[in-house]
Amino acid sequence: MESRRPPLAPVCRTLPEYVRHWAETVPDRRAFTFVDHPSAGSRGVHRTLTWKRLDVRVRALAARLGEQAEPGARVALLCPQGTEYVTGFLAALAAGLVAVPLYPPGLPGHADRLAGVLADARPAAVLTTSGPLEEVRDFCGRGRVPVVAVDEVPDAAARDRRPPARDADATAYLQYTSGSTRAPAGVEITHANVVANARQALTAYGADTHPVTCVGWLPLYHDMGLVLSVAAPVVRGLLSVLMDPAAFLHEPARWLRLLTAHPGAVSAAPNFAYDYCASAVTEAQKADLRLDGVAALINGSEPVRPGTAERFHAAFAARGLPAGAHCPSYGLAEATVFVSAARPGDPVARFALDRDALASGKALAARPDDPRAVLLAGCGAPAGQRVRIVDPVSRSVLAEGEVGEIWVRGPNVGRGYWRNEPQTRRVFGATACEETDGDAGEDAPGGGWLRTGDLGTVLDGQLVVTGRLKDLIVVDGRNHYPQDVEATAQEADPAVRRDRLAAFSVPGGAGERVVVVAEHTRALSLADIDVPALVRSVRAAVSVRHGLRLADVVLVAPGTVPRTSSGKVARALTRARYLEGAYPAGTAG
């Protein structure tokens, strides 16, 4: 039987060095398990790598990659979710190459983005598995770049030697941003960045001293999935249990069963996933769940709603879910991923703020039952890094309770953007007006701060994220947060599909016009919906709650509103398609 006591972690410079350490000290301990669900009724087929086996596979593949590319070249990962993805990523790092975590060409709706990222990254080799091998070769233009199937590289290729010492400040991988407000850009994450952020996350969620298992379905090409399901367990020597995102979407109870099967589980999901579980998991499915052993459920990647945490806990409290398991968090790819986190065991910090004051840059308390109040969740304190709130125009540092741009500095902040020095200087080298370049420190390029592009404030020591700077809707000099308008619109009529709508502004003859494009629920067809009545309801609700007139409300079929590779609504792309006239006529109000 495996000991539940977490092994002592050394101080290593890179993830491959940690892999070799665990292979030498706890060779037979389980490292990664992928739970496959080949059919609708399947409870899962487990495939496991021990630390010794992982080390052999990493060394074998690293040796093969060394034959295909020179150190510093890029290697694109177009693997399906699974242990081969983990092996490929770690092998690229071990070979001194720069990994580019991506996905196979078959991911619906993301072929254009994948082609654009590959053109930007210019990989010297591509990793995939034998399943999609031919599809990947076709997509990459047969013969233009070597394509290696991870599962076809024999163990005999492994070399019995330690990973060569790597410069911790060298780039380990390119984390391409999801592209919700701009074209995808590759963030250069160094070996030191990812090791630092893994340690920060482990400390923040209590996994540095207590026995935990990392359980996850988030895609490994996403920053949160990569750090929580690969980097953090490698640094701490923990078991990581993976499943495919599609398996979760088809049956969310599968995720909860894995949490049941692994006491001390730490897992992460975006806000929508918790609402999805609360509404979709049946009473019959709940019967077998035992969630009293869950250590932490991280809620991040999109705005965290206090009501979601409350609904999720209400749905699963009877199955033993601890009241303090929900951990609202904030992060972004430019900071590797994790920036701030609520600690396990603490109740979710819930703030009711005056909507008008918030629009003018002040976070003033309001009555929670006030229909014009904005309810926001606190995302805890910074995880081993510094955070400040800054006026995005004057660059003056703001006091607690004032809303401004979130700036971050720490050892986890990436090197900059791949092949984009001007943007790197603008985003990663910021200096506030109260400090000189020499005062800014050495944790970011040029000694500056990372400008996140996100808006927020600090209340009672908690970081509160209010929205995205580029997504702000400004009408008649007043600021409106799109996610706030979207939340109102989706509550106005049950036919509006939750978290599948986008609010944005477009130019008009008399100023900015505000538009909502919303999907209808899958349970109804467009012919079953009284569209004019729905439009009236949405317009009335937004008018009453926000004092905002919607110029257009467009109802579209499920799957029409574009989403980023990490699952967030792509407002900028929705706006562009609206302006192009891409949405069907006859559904606008």
Side-chain angles (χ1 to χ4, degrees), residues 9-22 31-32 54 58 62 72 74-77 85-102 121 163-177 186-205 207-208 214 216 218-238 240 266 268 298 300 329 331-339 341 382-385 408-418 428 443-445 450 566:
V11 177
C12 297
R13 294 160 57 87
T14 69
L15 296 182
E17 290 177 14
Y18 278 106
V19 171
R20 194 58 188 267
H21 168 80
W22 300 124
F32 288 90
L54 175 65
V58 166
R74 275 77 56 209
V75 175
L77 277 80
Y85 202 114
V86 176
T87 304
F89 174 75
L90 294 170
L93 272 57
L97 304 171
V98 177
V100 185
L102 293 169
R166 302 296 178 196
D167 179 2
D169 292 326
T171 300
Y173 62 98
L174 300 182
Q175 181 68 64
Y176 275 83
T177 59
V187 182
E188 294 190 46
I189 302 298
T190 69
H191 291 278
N193 291 153
V194 66
V195 169
N197 204 224
R199 290 174 177 159
Q200 290 165 337
L202 289 164
T203 301
Y205 301 114
D208 55 337
C214 297
L218 291 177
L220 297 182
Y221 57 78
H222 184 253
D223 48 12
M224 190 188 297
L226 189 63
V227 172
L228 189 69
S229 291
V230 180
V234 164
V235 166
R236 193 70 183 92
L238 304 172
S240 179
V266 174
I298 303 162
S329 304
L332 68 164
E334 286 81 352
T336 305
V337 61
F338 291 102
V339 171
Q385 51 204 289
V408 177
R409 191 168 73 201
N412 54 301
V413 173
R415 179 193 299 280
Y417 293 114
W418 164 249
F428 288 82
D443 291 326
L450 168 65
S566 59

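Counting from 1, the numbers follow the sequence of the chain as shown.
Formation of a donor-acceptor pair under 3.5 Å by the Trp418 side chain with backbone atoms of Leu174 is not found in this model. Looking only at distances, no side-chain donor or acceptor of Arg13 sits under 3.5 Å from a matching main-chain atom of Ala192. Between the Asn193 side chain and the Pro411 main chain, a donor and an acceptor come within less than 3.5 Å of each other. A donor-acceptor contact shorter than 3.5 Å is absent between the side chain of Arg74 and the backbone of Val98. Counting only distance, with no hydrogens or angles, the side chain of Glu334 and the backbone of Leu332 share no donor-acceptor pair below 3.5 Å. Asn197 places a side-chain N or O within 3.5 Å of a backbone atom of Val337 that can act as its donor or acceptor partner. A donor-acceptor pair is defined here as one N or O able to donate and one able to accept, closer than 3.5 Å; such a pair exists between the side chain of Asp223 and the backbone of Ala333.
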Item to complete: Any chance you could lay out the side chain to side chain donor-acceptor pair (under 3.5 Å) test for Tyr173 and Glu188, step after step, and finish with the verdict?
Response: CA-CA 6 Å; Tyr173 62 98; Glu188 294 190 46; over 6 Å; no
Worksheet item: Under the side chain to side chain contact (heavy atoms under 4.5 Å, CB included) criterion, do Leu220 and Phe89 qualify, and how do the steps go?
Response: CA-CA 10 Å; Leu220 297 182; Phe89 174 75; over 6 Å; no
Discussion item. For a side chain to side chain contact (heavy atoms under 4.5 Å, CB included) check, start with the C-alpha distance between Val413 and Val408, then their side-chain angles and the critical distance, and finish with the verdict.
Written reply: CA-CA 8 Å; Val413 173; Val408 177; 4.1 Å; yes
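Looking at heavy atoms from C-beta onward, Arg199 lies in side-chain contact with Val11 at the 4.5 angstrom threshold. Using a 4.5 Å heavy-atom threshold, the side chains of Ser229 and Leu218 count as separate. The closest side-chain heavy-atom distance from Val195 to Thr14 is not below 4.5 Å. In this structure, the side chains of Leu77 and Leu102 stay at 4.5 Å or more apart for every pair of heavy atoms. Within the 4.5 Å cutoff, the side chain of Tyr176 has heavy atoms near those of the Val100 side chain.
The two atoms that bring Cys12 and Tyr18 nearest to each other are N-OH, 3.2 Å, heavy atoms only. What you find for Ala268 and Met224 is that their closest heavy atoms are CB-SD, 3.4 Å. In terms of heavy atoms, Gln200 sits closest to Gly384 at NE2-O, 3.0 Å. Residue Pro233 comes nearest to Ser240 through the heavy atom pair CG-CB, 3.8 Å, listed as atom of the first residue, atom of the second, then distance. Heavy atoms only, all atoms of each residue included: Val194 and Thr336 are closest at CA-CG2, 4.1 Å. Between Asn412 and Ala196, the closest heavy-atom pair is N-CB, 4.4 Å.
Distance check, rounded to the nearest 0.5 Å: CG of Leu202 to CG of Leu228 gives 8.5 Å. Atom SG of residue Cys214 and atom CZ of residue Phe32 lie 8.5 Å apart, to the nearest 0.5 angstrom. One distance of note links CG of Asp208 with CZ of Arg236; it measures 7.0 Å at 0.5 Å rounding.
Partners of Val58 according to the side-chain contact (heavy atoms from CB on, under 4.5 Å) rule, which considers only residues two or more places apart in sequence or in another chain, are Leu54, Thr87, Leu90, Ala91, Ala94. In terms of the ring-ring contact (aromatic ring centres under 6.0 Å, His included) criterion, residue partners of Phe338 (sequence neighbours excluded) are, by chain and number, Tyr205.
Side-chain contact of Tyr221 with Gln175: a donor-acceptor pair under 3.5 Å is absent, judged by distance alone.
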